[in-house]
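I have placed the structure first, in the form of structure tokens, so that the comments after it can refer back to it.
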Number of protein chains: 2
Amino acid sequence: MKVKLEEIAKKSGYSVATVSRVLTGKSKGRSQSVRNILLTARDLGYRTSSVRYTNLDLPVDIALITQHDAEEFYSCLYESFDRIASKKNIHLSIHSAKYSKSITEQIHILSKYNDGVILMAPTLDKEGYKNIIAKIGSFPIISIAPVDGNIVPTITFDSYEGGRLAAEILVDSDYQNFGIITGPLEKLEANLRRNGFQDYLRKKGYKINWEYQGNYSFSSGEIAFENIKKHKKSSLGIFSSNDQMALGFLHTALENGATVPGDFGIIGYDNMPYSKVFYPKLSTINTNLDLLAKNTLEYIIREIKIPQKSITNPTTTLLPVELIKRRTHK
Amino acid sequence: MKVKLEEIAKKSGYSVATVSRVLTGKSKGRSQSVRNILLTARDLGYRTSSVRYTNLDLPVDIALITQHDAEEFYSCLYESFDRIASKKNIHLSIHSAKYSKSITEQIHILSKYNDGVILMAPTLDKEGYKNIIAKIGSFPIISIAPVDGNIVPTITFDSYEGGRLAAEILVDSDYQNFGIITGPLEKLEANLRRNGFQDYLRKKGYKINWEYQGNYSFSSGEIAFENIKKHKKSSLGIFSSNDQMALGFLHTALENGATVPGDFGIIGYDNMPYSKVFYPKLSTINTNLDLLAKNTLEYIIREIKIPQKSITNPTTTLLPVELIKRRTHK
DNA sequence: AAAGTTTATAAAAATAATTTGCATTCTTTT
DNA sequence: AAAAGAATGCAAATTATTTTTATAAACTTT
């Protein structure tokens, strides 16, 4: 049941004393035997922090924690992380905190079995992040969702700029009236996207004439269309906080005889695979998930290899987003 | 660094001896203290098999291993498992074996940190499964992809019946010619769906007039349409091995001026959320993922609580599928 | 090829886990 | 509600496991 050094010694072909020395970090670590022993220990399920032997390029365990939902977005996110991780000798595991009684406890336990944690928890507030840091101390962690209050190091997309880009193209397309289908506003990034959109419009002398708060699902895009029927303004430039809602809206609008990009200009967000399949193809804000995965994994590997005493000044890195022009704006 | 019984004792408020007795399974396990101690040990990252205390309903760690891809299917699968697991005090972690050098090794290591493993590896062959069993022995495992040769206990959808249902509705819709967009035929379930389709047609005196092997992506559905252009037969009843390819085909066909369900009848597979969003709404084979998650998790929990000496007669349980009639067949 | 390093080993020492015997507490039965 | 029986808790003793040490062997470098 429990793994003894004796077992590791036997399997690896070294003496118990040597195994002990390697496992307690007494070896200088430039020989093949150190590598063999650490790999054998790992294989037998003997958990050890191999931080001391960073030069050996041993496999690293990293946990990605999300609030999982049945959206293609998550599949795409995981696919990028999985692919990039596989190139870096990283063993990635995915955990959902959606139904977690205590995300702090969950991260705490995961920190026992992983070398670092990547956190995507858009609904977590300042207090939540503070609790996590208080619990795990200087354990390597990074957030890939915007964090209110700058408590955890963060790498995320420039949601504000995404909203601004959407407003810009809709203004340039000569729409005079504007609408927005926001994401759930308890998620910070939904607010940022909205703010970027609104601020640009205001600067150009326009305002948001219609707003609907959705939940990122197809059906909330459909419901958004039902809602807009009451609204009399014609030729509305609409920014949707994700592609699913944009497509739900778009296709309900078409079924109801509306024209796109005539009656409605629509800009989505995320550039999911299906947004370029269905006619008319959706104009949208692209986020480069590979870039996110690469930056995040490289950051966390650095943190693991050169551990910090404590998180002093958590930085926020904003990754660029870009507009993909397709067929749903003039 | 390493957790000592002393720490567990201190944190839980019991003596080291008591902690030891609990951890070695000497306690009968009907008191609150056993529970407290095990929970504290878990919290501190002390790994122990708590199989002996099955009556205490302690949290169980289960790993779901897939060959992950950027398809909504995986998001839906994980969402079902995540939701059902949360109701059963199961901590689910998701791992991808897509880029794994040795899936046997990966499962072996995961078996050290989990109480059971759920495996979805459609491309794994008989030998692969044999190797896994040889390595992990009687460790609780279940496959949710069809397994060739009946080596690992399996709970999966009745893919053959799904193909048959697709053929039946297309024949009933009075199509005289038939086509199929298969999945990658190294995946067993793609073959089963194909066989179910083919066998029913044959029984009714028809045959597959056109066949294209896709890779489950939207774009392979688009390419399938390019391929069929050469084919002169009109009014073709087509079965696609998943919704993505069906939608890729369907929308390329419509863009090219074809009519559905006139020129083409199309039946998809999986009943993904987007298949009921886009017009015309896709007829498809529904698989109840909640049912899969429920059955699988309950099976693996049983295996964990009542361990078997060895896998003697691995059973295969086929879950029913159903046809969802929408707008893409006559 | 010799000197300087590093690594491996067996035995000794240190640390950690388990068992024991008895006291205490909890459960069940009458 | 009390007594018998069973389970659990504790400190000390025992056993198991890990780490260190002293020395030998094997590499590396000049």
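Chain identifiers are assigned alphabetically (A, B, ...) following the order of the sequence lines, protein sequences preceding nucleic acid strands; residue numbering begins at 1 within each chain. All values below come from the heavy atoms of this structure, side chains included, with hydrogens, waters and symmetry mates left out.
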- Task: Applying side-chain hydrogen bond (donor to acceptor under 3.5 Å, both in side chains), name anything that partners B:Thr18, two or more places apart in sequence or on another chain.
- Result: B:Ser15
- Please list, chain by chain and in numerical order, all residues satisfying side-chain hydrogen bond (donor to acceptor under 3.5 Å, both in side chains) with B:Asp290, sequence neighbours excluded. B:Ser80, B:Arg83
- Under the salt bridge (Lys or Arg N to Asp or Glu O under 4.0 Å) test, residues paired with A:Lys187 that sit two or more places apart: none
- Message: Given 3.5 Å as the limit, does a donor-acceptor pair link the side chain of A:Tyr74 with the main chain of B:Cys76, or not?
- Response: no
- State, to the nearest 10°, the angle formed by the axis through the first five base pairs of the helix from C:dA1-D:dT30 to C:dT30-D:dA1 and the axis through its last five. 50°
- Task: Check the pair A:Tyr78 / A:Thr66 against side chain to side chain donor-acceptor pair (under 3.5 Å), numbers first and verdict last.
- Result: CA-CA 10 Å; A:Tyr78 303 157; A:Thr66 70; 2.9 Å; yes
- Rounded to whole Å, CZ of B:Arg35 lies from C1' of D:dA7 at a distance of 19 Å
- Whole-Å gap separating P (D:dT8) and CG (B:Asn36): 13 Å
- Task: Going 5' to 3' through nucleotides 10-18 of chain D, assign each nucleotide B (protein heavy atom under 4.0 Å from a base atom), S (under 4.0 Å only from sugar-phosphate atoms) or - (no protein heavy atom that close).
- Result: BB-----SS
Side-chain donor-acceptor pairs under 3.5 Å in residues 149-159 of chain B, sequence neighbours left out?
| residue | atom | partner | partner atom | Å |
| --- | --- | --- | --- | --- |
| B:Asn150 | OD1 | B:Thr316 | OG1 | 3.0 |
| B:Asn150 | ND2 | B:Pro314 | O | 3.0 |
| B:Thr154 | OG1 | B:Val152 | O | 2.8 |
| B:Thr156 | OG1 | B:Ile144 | O | 3.1 |
| B:Asp158 | OD1 | B:Glu161 | N | 3.2 |

- Message: For B:Lys294, is there an ion pair with B:Glu298 - N to carboxylate O distance below 4.0 angstrom?
- Response: yes
- Message: Measuring only between side-chain heavy atoms, which start at C-beta, is A:Ile118 closer than 4.5 Å to A:Leu297?
- Response: yes
